[in-house]
Amino acid sequence: MSTEAVLKRTPLFEVYKNYGAKVIDFGGWELPVQFSGIIEEHEAVRQEAGLFDVSHMGEIVVEGKDAESFIDSLVTNDVTKIDINQCQYTAMCYPDGGTIDDFLVYKLADEKYLLVVNAANIEKDYEWIEQHAKGEVTLKNISSDVAQVAIQGPKAESILQKLTEKDLTGIGLFRFAEHVNLDGVKDVLVSRTGYTGEDGFELYLAADDAKALWEKLLQVGEEDGLKPCGLGARDTLRFEARLALYGQELTKEISPLEAGIGFAVKTNKESDFIGKSSLLNQKEEGLKRKLVGVEVTGRGIPRHGYKVFSEEGEEIGFITSGTRSPSLKKNLGLAIISMEHAKAETPLKVEIRKKLIDAVVVKTPFYKRG
Amino acid sequence: MTNATTNLLYSKEHEWVLQLEGNRVRIGISAYAQEELGDIVFVENPEEDDEVTANELMGSIESVKAVSELYSPVSGVVVQVNEELEDAPEMINEQPYDAGWLVEVELSDPEELESLLSEEEYQAFLKEGEE
């Protein structure tokens with residue numbers, strides 16, 4: 001396939017082919033959509049473990065005396081509540097409450113934070129943060145120096161433990177350890193976070209070390225069923241767990257409250273963060289629409305952008321993400337729809353190739369680990 | 001995976017056409033196509049008695065990740081639909097030339113078959129695409 005623009009590659013690009021990857025253009029990045037197959041990889045993560053290259057993600061360091069209050073003025077969650085070695089999921093909004101991005105904030109030190117942002121939003125985020133910089137802060141986009149590998153699944157911890165003397169059970173959810181030595185790959189940030197709905201870790205390391213770590217992990221994890229996984233499985237896994245994807249559930253037109261991540265919006269925090277008054281308004285007046293789960297009971301699979309109608313034929317919203325769920329074997333979607341139709345068990349219609357197909361509102365997340 | 005049999009014809013949309021008795025043909029997608037699509041989870045075939053037209057939309061195939069449109073390689077009337085695919089669309093991945101067939105069509109214009117590719121021509125067409 002020939003493309004005009006030069007696609008960006010991660011430090012792991014060279015090893016993909018050794019594992020049978022099918023590579024696609026993903027927002028300007030040449031990334032593996034699958035290795036052995038999306039369903040097989042999905043199952044591996046639910047049953048055993050999977051390894052993902054997510055080095056395309058962006059990393060921005062915010063440092064300085066005023067780093068905490070500055071970040072707190074940009075994001076919806078309360079960054080003052082986290083300790084060193086803790087991270088927090090948050091959103092960053094426009095004044096009207098629309099979402100710029102959702103990301104993790106890592107507190108590295110009292111005056112040093114790491115923001116891990118979506119690949120497609122790196123430049124947009126950096127510019128926004130820079131434009132609003134105040135007080136004593138410095139910014140650094142270190143995205144191209146940092147690789148990120150995620151090991152996810154019920155066996156992730158025991159596999160990763162084989163590479164290190166550091167006791168991983170001591171790293172709680174949304175906690176991390178820095179400078180971990182993983183079988184000679186030094187200086188890895190090991191974070192118990194992920195995007196699959198399973199237990200697991202996200203590992204940040206120098207780009208130059210990524211290949212060595214990837215190969216070591218697959219070697220020691222083989223007997224436990226660890227499989228290299230692509231973005232296809234990452235998407236179905238996060239979807240079943242109802243983890244928002246920027247560009248689909250969250251956009252500049254969709255607020256974090258509407259997208260169902262209100263747990264990361266602290267309108268009662270002290271900081272007068274950007275978007276606060278709009279989000280407060282949405283809360284006080286009540287949301288007009290929200291994210292729900294939809295199961296298509298007729299024949300068809302809901303997909304991003306498909307229109308959603310009420311039983312009476314009134315257009316009430318749209319599908320943000322949808323697929324045939326590998327774990328539940330049902331045709332499921334996430335949809336932003338008007339509040340009055342958002343109750344579980346409400347019958348709906350989804351427009352699929354010009355036909356209105358029967359569907360029903362269902363509870364989310366579709367999948368919760370046992 | 002089953003190898004393509006030599007008496008198949010192909011379209012540039014990666015469908016194969018097998019001539020059965022009389023003017024009846026069976027249609028499926030090629031091994032290359034199913035490989036490109038990945039795990040197939042849904043098929044929307046035309047219905048029996050539907051008319052199909054060469055190079056026009058006749059249905060769709062969905063993988064976990066995406067929807068792909070199906071174009072009919074021939075014109076005619078659908079006389080049989082592979083109902084098994086409704087519950088087991090993965091048959092297309094597993095046996096694209098056998099149990100994974102899509103529909104059978106009674107041709108209205110058998111001469112259309114002449115514009116399809118032979119096995120050899122199709123393999124050459126695939127190679128071209130790789131370059």
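Values below: all heavy atoms of this structure, side chains included; hydrogens, waters and symmetry mates excluded. Throughout, a chain's letter reflects where its sequence line sits, starting with A, and its residues are numbered from 1.
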Could you report the tightest heavy-atom contact between [X] and [Y], atom names first, then the distance?
X: A:Thr323; Y: B:Val64; value: OG1-O, 2.8 Å
X: A:Val33; Y: B:Lys65; value: CG2-CD, 3.8 Å
X: A:Ile39; Y: B:Asp39; value: N-OD2, 2.8 Å

Original post:
Taking NZ, NE, NH1 and NH2 as the nitrogens, is one of them in B:Glu62 or A:Arg303 under 4.0 Å from a carboxylate oxygen of the other?
Top reply: yes

**OP:** Could you tell me whether A:Arg353 and B:Glu44 have a side-chain N and a carboxylate O separated by less than 4.0 Å?
**Re:** yes

Within a 6.0 Å radius of atom [atom1] on [X], are there more than 12 heavy atoms belonging to other residues, nucleotides or ligands?
X: B:Gln80; atom1: CD; result: yes
X: A:Lys17; atom1: NZ; result: yes
X: A:Glu315; atom1: CD; result: yes
X: B:Glu84; atom1: CD; result: no

Original post:
By a 4.5 Å heavy-atom criterion (distance strictly below it), what part of B:Ser63 contacts chain A: side chain, backbone, both, or neither?
Top reply: backbone

Original post:
Can you tell which of A:Glu40, A:Gln34, A:Lys22 has the highest number of heavy-atom pairs within less than 4.5 Å of chain B?
Top reply: A:Lys22

